Amino acid sequence: MNGENSLTLCSTDNFVHIIENLEELQNTQDYPILNELLSEPGICKIGADLKEIIKAVAEKTDIQICGNLYDVQLMHYVLNTEISHNINFIVKQQLSIDIETITSNSKEEAKDLFSGAAEETEEQKKERKKKSAALCALMPIVRDELEKKLSGDRVYKEIEMPLISVLAQVEMAGVKIDTRQLKEYSKELTAQMNEIEQEARKLADDASINLSSPKQIGILLYEKLKLNPNVKKSVKGNYSTDETTLNELKDTHPIVEKILEYRNLKKLLSTYIDALPLLINPKTGKVHTTFNQALTSTGRLSSINPNLQNIPVRTERGREIRKAFVPSDPAGCIVSADYSQIELRLMAHMSGDENLIAAFNSGKDVHAATAAKLYNVSVDEVTAEQRRKAKTVNFGIIYGISAFGLAERMEIPIKEAKEFIETYFKTYPGVSRYINAIAETARKKEYVETIYGRRRYLKDINSRNANVRKFNERNAVNAPLQGSAADIIKLAMIHVFARIQAEHLKSKMVLQVHDELVFDVVPSEREAIMKIAKEEMENVIKLKVPLTADCSYGENWLQAH
DNA sequence: ATAAGCACGC
DNA sequence: GACGTACGTGCTTATA
């Protein structure tokens with residue numbers, strides 16, 4: 001094991017058990033011993049989901065966990081994002097040991113155990129030791145695999161390992177929500193929703209129709225009102241009633257608009273306005289999301305309980321919710337810093353396309369610059385409509401475009417979409433070559449990589465099924481872009497966090513939303529935080545195009561944009 | 001309990 | 001002839 005001393009941190013559901021692999025140290029509930037072991041940089045820490053353990057220890061003690069963090073689950077994720085990282089499954093698979101039987105303590109029992117007021121049963125202790133030993137045995141196996149893939153080892157050690165503690169701190173900091181604002185907004189929108197429900201029911205001539213039921217809506221629109229006799233059913237025999245479909249029916253009957261509006265209000269109320277206040281931790285008065293660091297296939301984080309990465313911003317009604325995300329000190333502010341067009345910039349960098357690089361280097365709006373080239377006009381002559389179309393294509397490129405998909409989105413015939421893509425590739429021939437090259441690489445290696453070497457395996461890239469193959473080809477294009485962006489912002493978080501610590505600032509990083517970092521800033525630190533965020537985000541890596549982060553502040557998250 | 005449908009973000 | 005732009009989470013209804 002590298003000669004490195006190690007400590008295995010083993011948690012059951014609600015409680016952290018500290019297990020040392022030195023037999024003579026038995027009583028690890030003892031604070032001085034715990035402190036010495038956990039804060040010793042020379043002792044590496046082994047476990048699964050160490051972020052949870054770091055948080056639990058921080059909540060109950062003032063101990064700082066130091067030393068290398070070997071999170072077997074996270075290491076396994078870096079090895080291959082596509083497969084299961086369920087720790088019980090991995091242990092069973094690699095060691096043929098079953099640790100799924102381990103009993104977990106109730107919250108109350110866990111509390112008592114930690115304070116030393118109660119003791120584990122012999123049975124619990126035995127199972128815990130078994131799990132700990134399994135993790136300890138598994139770690140070097142997974143680490144050897146990582147070291148075999150040199151880039152994977154680098155991704156783990158330079159990105160994921162240092163990010164664990166940063167994320168733990170971000171989650172613990174939490175974000176302040178103005179509940180009173182949400183409660184008032186809830187009253188307002190609920191009233192509106194009820195009114196619309198009444199109107200819709202009247203129009204439907206059905207006093208009890210459930211507007212939240214796509215099935216009932218489908219029957220109403222297509223069987224009772226016969227709005228579209230040519231409507232096709234899904235494979236499961238259901239009518240489609242989603243937003244795109246209903247927008248096409250808008251002019252045929254007034255109820256369609258009511259349904260859309262009802263859905264919009266219902267979504268905002270049930271997912272955000274009414275749900276968020278219930279998730280406020282009474283101890284801290286804040287909402288604390290959990291970032292899943294070992295989940296997405298591309299290397300992005302995800303956010304749950306609550307998901308704070310999908311707070312509305314698109315519509316006026318939705319944006320209102322962001323006003324409730326406020327600084328914890330009323331005299332402070334929210335600072336938001338977001339990367340501008342990071343994925344498209346990465347496309348410019350990775351493809352090396354001279355025209356796309358030039359578009360970014362001109363410092364002009366890239367969608368307008370693209371439109372200028374596509375329509376063969378000067379940048380100031382580009383119309384809003386031309387820019388919108390160019391923007392759609394730019395996004396399409398990142399997602400692995402098809403003529404049909406583009407035609408749908410731009411509401412133009414497939415033939416035109418085809419021509420549009422051809423023009424795009426003529427404008428940016430390097431992009432065209434890159435897309436072909438990355439697909440070829442993917443077919444040969446059955447994986448693609450980010451700038452830092454994070455892999456996404458594409459095991460079905462050579463499938464005989466053309467649909468499956470095409471799907472994998474889109475992933476081959478998108479994963480290096482989305483994944484490199486994820487790597488870059490993760491590194492930025494590590495650097496920003498280090499600066500905040502080094503400069504002894506009190507403000508806190510509270511959210512990451514894929515290309516954006518959000519800070520809860522105390523009154524005197526606004527300029528310092530904005531400077532640090534911009535500097536660290538922009539200087540993570542030198543690309544062939546500038547990497548820019550736009551930074552602003554306000555008295556809430558909405559104003560900080 | 002689980003799946004399907006829908007809608008929110010990047 | 002089908003498929004048809006990446007990555008997520010969560011709410012609600014319907015079905016088993």
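In what follows, chains carry the letters A, B, and so on, assigned in the order in which the sequence lines appear, proteins first and then strands, with residues in each chain numbered from 1. Every heavy atom of this structure was used, including side-chain atoms; hydrogens, water molecules and symmetry mates were not. Please read all numbers here as calculations on a predicted model, not as lab measurements.
- Within the nucleic acid shown, A:Q216 comes within 4.0 Å of sugar-phosphate atoms alone, with no base atom in reach, counting heavy atoms only.
- The side chain of A:T241 contributes no N or O atom lying less than 4.0 Å from OP1 or OP2 of B:dG5.
- Rounded to whole Å, atom C1' of C:dG1 lies 13 Å from atom CZ of A:F404.
- Counting heavy atoms from C-beta on, the side chains of A:D487 and A:I451 never come closer than 4.5 Å.
- Rounded to an integer number of Å, the gap from A:L211 CG to B:dG5 P is 19 Å.
- Scanning residues 295-310 of chain A for heavy-atom distances under 4.0 Å to DNA chain C yields A:L295, A:T296, A:S297, A:T298, A:R300, A:S302, A:S303, A:I304, A:N305, A:N307, A:N310.
- A heavy-atom distance below 4.0 Å to DNA chain C is reached by these residues of residues 422-457 of chain A, ordered by number: A:R456.
- Remark: C:dA14 base-pairs with B:dT2; criterion is Watson-Crick or G-U wobble with both hydrogen-bond distances under 3.5 Å.
- Salt bridge annotation for A:E52-A:K55: present, with a cationic side-chain nitrogen under 4.0 angstrom from a carboxylate oxygen.
- Considering A:R454, A:R455, A:R456 in turn, A:R455 is the only one that fulfils the side-chain hydrogen bond (donor to acceptor under 3.5 Å, both in side chains) rule with A:E449.
- Remark: A:N475, A:N478, A:Q482 in residues 475-483 of chain A come within less than 4.0 Å of DNA chain C through at least one heavy atom.
- Residues A:R201 and A:E197 are paired through a salt bridge, judged by an N-O separation under 4.0 Å between the basic side chain and the carboxylate.
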Walk me through it: do A:Y434 and A:I438 pass the test side chain to side chain contact (heavy atoms under 4.5 Å, CB included)? CA-CA 6 Å; A:Y434 173 76; A:I438 196 76; 3.8 Å; yes

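- A heavy atom closer than 4.0 Å to some atom of DNA chain B occurs in A:E243, A:R263, A:N264, A:K267, A:Y272, these being the qualifying members of residues 243-274 of chain A.
- With rounding to whole Å, A:E82 atom CD is found 12 Å from C:dA6 atom C1'.
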Considering only distance and modelled atom types, tabulate donor-acceptor pairs under 3.5 Å from the side chains of residues 424-431 of chain A, sequence neighbours left out.
residue, atom, partner, partner atom, Å
A:Y424, OH, A:N394, OD1, 2.7
A:T427, OG1, A:T423, O, 2.7
A:Y428, OH, A:T370, OG1, 3.0

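- With respect to the salt-bridge test (charged N to carboxylate O, under 4.0 angstrom), the residues A:E385 and A:R388 qualify.
- A salt bridge links A:D365 and A:R387; the closest N-O separation between the charged side-chain nitrogens and carboxylate oxygens is under 4.0 Å.
- Classification of A:E419 and A:K415 as a salt-bridged pair holds, one side-chain N sitting under 4.0 Å from a carboxylate O.
- For the P atoms, the distance from B:dG5 to C:dG4 is 14 Å, rounded to whole Å.
- Ring geometry, A:Y77 versus A:H85: the interplanar angle exceeds 60°, so the pair is classed perpendicular (tilted spans 30 to 60°).
- In this structure, A:G400 reaches the sugar-phosphate backbone alone: every heavy-atom distance under 4.0 Å involves primed, P, OP1 or OP2 atoms, never a base.
- In this entry the distance linking CG of A:D515 with C1' of B:dG9 reads 10 Å, nearest Å.
- Summarising the geometry, the separation between CG on A:L517 and C1' on B:dG9 is reported as 16 Å, rounded to the nearest angstrom.
- Residue A:N472 holds its CG atom at 5.0 Å from CG of A:L458, rounded to the nearest 0.5 Å.
- Interatomic distance, A:I414 CD1 to A:F420 CZ, rounded to the nearest 0.5 Å: 15.5 Å.
- In this structure the side chain of A:I273 never reaches within 4.5 angstrom of the side chain of A:E320, judged on heavy atoms.
- Ranked by how close their nearest DNA chain C nucleotide is to the 5' end, A:H514 and A:I414 are led by A:I414.
- In this structure, A:D242 reaches the sugar-phosphate backbone alone: every heavy-atom distance under 4.0 Å involves primed, P, OP1 or OP2 atoms, never a base.
- With a cut-off of 3.5 Å on both pairing distances, C:dA2 has no Watson-Crick or G-U wobble partner at all.
- Counting non-hydrogen atoms under 4.0 angstrom, A:I398 reaches nothing in the nucleic acid.
- One interatomic measurement links the two molecules: CD1 of A:I217 to C1' of B:dA7, which rounds to 15 Å at whole-angstrom precision.
- Residues passing the side chain to side chain donor-acceptor pair (under 3.5 Å) test with A:Q512 are A:Q309, sequence neighbours excluded.
- For A:N472 and C:dC3, the CG to P distance is 17 Å, given to the nearest whole Å.
- Between C:dA6 and B:dA1, the two P atoms lie 33 Å apart (nearest whole Å).
- If you measure from atom OH of A:Y77 to atom C1' of C:dC7, you get 10 Å, rounded to the nearest angstrom.
- With both ends at atom C1', the span from B:dA7 to C:dG1 equals 31 Å, rounded to whole Å.
- Comment: A:E188 does not engage A:R317 in a salt bridge, judged by the lack of any side-chain N to carboxylate O separation of less than 4.0 angstrom.
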